Amino acid sequence: MTGLSLKGPISDDQLPLVEEGGILVEGEKIRAIGKFDALRDRWKTVGVRYLEGNHSCIPGLIDAHTHICFGGSRANDYALRNSGKTYLEIAETGGGIWDTVTQTRKTSAPQLVKGVVKRANRHLKNGVTTLEVKSGYGLSVEEELKMLYAIQQANGEVSVDLIPTCLAAHILPKDYNGSAAQYLFEISTQLLPKLKADGLSNRIDTFIEESAFSPEEIAPYLQKAKEMGFDICVHADQFSTGGSGVAAQFNAISADHLEASTEREIELLVQSNVIAIALPGASLGLGCNFAPARKILDAGGALAIASDHNPGSAPMGDLLTQAAVLGAFEKLTNAEVLAGITYRAAAALNLGDRGRLETGYLADFSVFHTHHYNEILYNQGNLKPCMVWKNGELVFDRHKH
Ligand code: NIG
Ligand code: FE
């Protein structure tokens, strides 16, 4: 990924490939990268590992949008949707996000931690080394804190880096005795300072939708969060437009979903340097169209791709499969797909230390047993990494499992 741009189209022949390559790791980082023989001759290395046979190595994948901290299941919603009910109808009749809130509140903190650890380890085996995780199924100061502490604890128990995001502004909780403005004021005054004090998260997310918050309702909350120094991201234009405007107005780092975005919204995002995050797992889970990824790139935008792994709209949680499928439907080059799940996803998380195999970057990478990197996306997620390295250490070896 060395030298590739943050924005716009990338052709496959722009990818800098190293054949007969090697990576010299020092501590957590990449010290040098180049031909294996040249590296071995030049550096007095210890612990040389030579992989017999054909292998392809790519940067550790970065999943910049998930909701893997939750209790219960929404298999019932999935069945109802496939019987003809819409996501919003189901939400109005007792299913949807509120159902997961109810089930998550009933789940003990240790059980929540266990769930996050289990799901994060599954992502790791699929080559993901950095995973964003949102709260948003607690929806009270106390229950959101329970989730964020659980994510913090899980982060200490897994090799993957978990990047926590506070999504207390997911929907107005059904049991809240007051207006949206009052709820948002309460979390901005009682929860946000606590996130700073306890190092729980420096990212704030929200859901702008007819069934969630309107641009007008959310403005004072995002203003406050910005003043406090939080990075902002937005669930935008999933079913109806409006969220991308909010993302642009508040200089959000990313606008995620965008299935309903038209040329106008794309223009807004591109002009304001907001990174677009396509969530093909939500399109597959809901059976709807994909975000206009090709148009976003052609308009000069930055496009990341994430799994949105959550119990409602995106239960599959397989980033590589979903990114490959998005590539096939939206006509993205392999280079654009790989960029979307590596350094462009790192930028969406404001992480400048990962996502490329380059000197000085974190030594996060995965190795696939194949002669050509094109085979990875071609297999649409069915070719799994045989090894995953995180911070310079081999943390998953398929042959040992
Ligand atoms: O990204 N759109 C809103 N939030 C999640 C879905 C959460 C849920 O249905 O539980 C999403 O799709
Ligand atoms: Fe989401």
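Being a predicted model, the structure only gives us computed values, none of them experimental. Indexing begins at 1, ligand by ligand and atom by atom, following the structure's order.
Under a 3.5 Å cut-off, the side chain of Tyr149 and the backbone N or O of Glu144 do not form any donor-acceptor pair. Between the side chain of Glu375 and the main chain of His372, no donor-acceptor pair closer than 3.5 Å is present.
Each ring-ring contact (aromatic ring centres under 6.0 Å, His included) pair with one or both residues in residues 296-315, not counting sequence neighbours, appears once here: His123-His309.
No side-chain donor-acceptor contact under 3.5 Å links Tyr137 and Glu143. Side-chain N/O atoms of Asn391 and Lys29 include no donor and acceptor closer than 3.5 Å.
Separating the CD atom in Glu209 from the CD atom in Gln238 is a distance of 6.5 Å, to the nearest 0.5 Å.
Excluding waters, the set of protein N/O/S atoms under 2.8 Å from the Fe ion (ligand 2) reads His65 NE2, His67 NE2, His235 NE2, Asp308 OD1.
Tyr78 pairs by the ring pair (Phe, Tyr, Trp, His ring centres under 6.0 Å) definition with nothing, not counting sequence neighbours.
Taking the six-membered ring for Trp, Phe207 and Phe213 have ring centres at least 6.0 Å apart.
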Show the short N or O contacts, below 3.5 Å, that ligand 1 makes with protein N or O atoms; if there are none, say 'none'.
| residue | atom | partner | partner atom | Å |
| --- | --- | --- | --- | --- |
| ligand 1 | 1 (O) | His67 | NE2 | 3.3 |
| ligand 1 | 1 (O) | His235 | NE2 | 3.0 |
| ligand 1 | 1 (O) | His257 | NE2 | 2.9 |
| ligand 1 | 1 (O) | Asp308 | OD1 | 2.9 |
| ligand 1 | 1 (O) | Asp308 | OD2 | 2.9 |
| ligand 1 | 2 (N) | Gln238 | OE1 | 2.7 |
| ligand 1 | 4 (N) | His170 | NE2 | 2.9 |
| ligand 1 | 9 (O) | Arg74 | NH2 | 2.8 |
| ligand 1 | 9 (O) | Tyr87 | OH | 2.6 |
| ligand 1 | 10 (O) | Arg74 | NH1 | 2.9 |
| ligand 1 | 10 (O) | Arg74 | NH2 | 3.4 |
| ligand 1 | 10 (O) | Tyr137 | OH | 2.6 |
| ligand 1 | 12 (O) | His257 | NE2 | 3.3 |
| ligand 1 | 12 (O) | Asp308 | OD2 | 3.0 |
| ligand 1 | 12 (O) | Ser313 | OG | 2.6 |

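Shortest non-hydrogen contact noted between Ala255 and Leu269 is CB-CD2, 3.8 Å.
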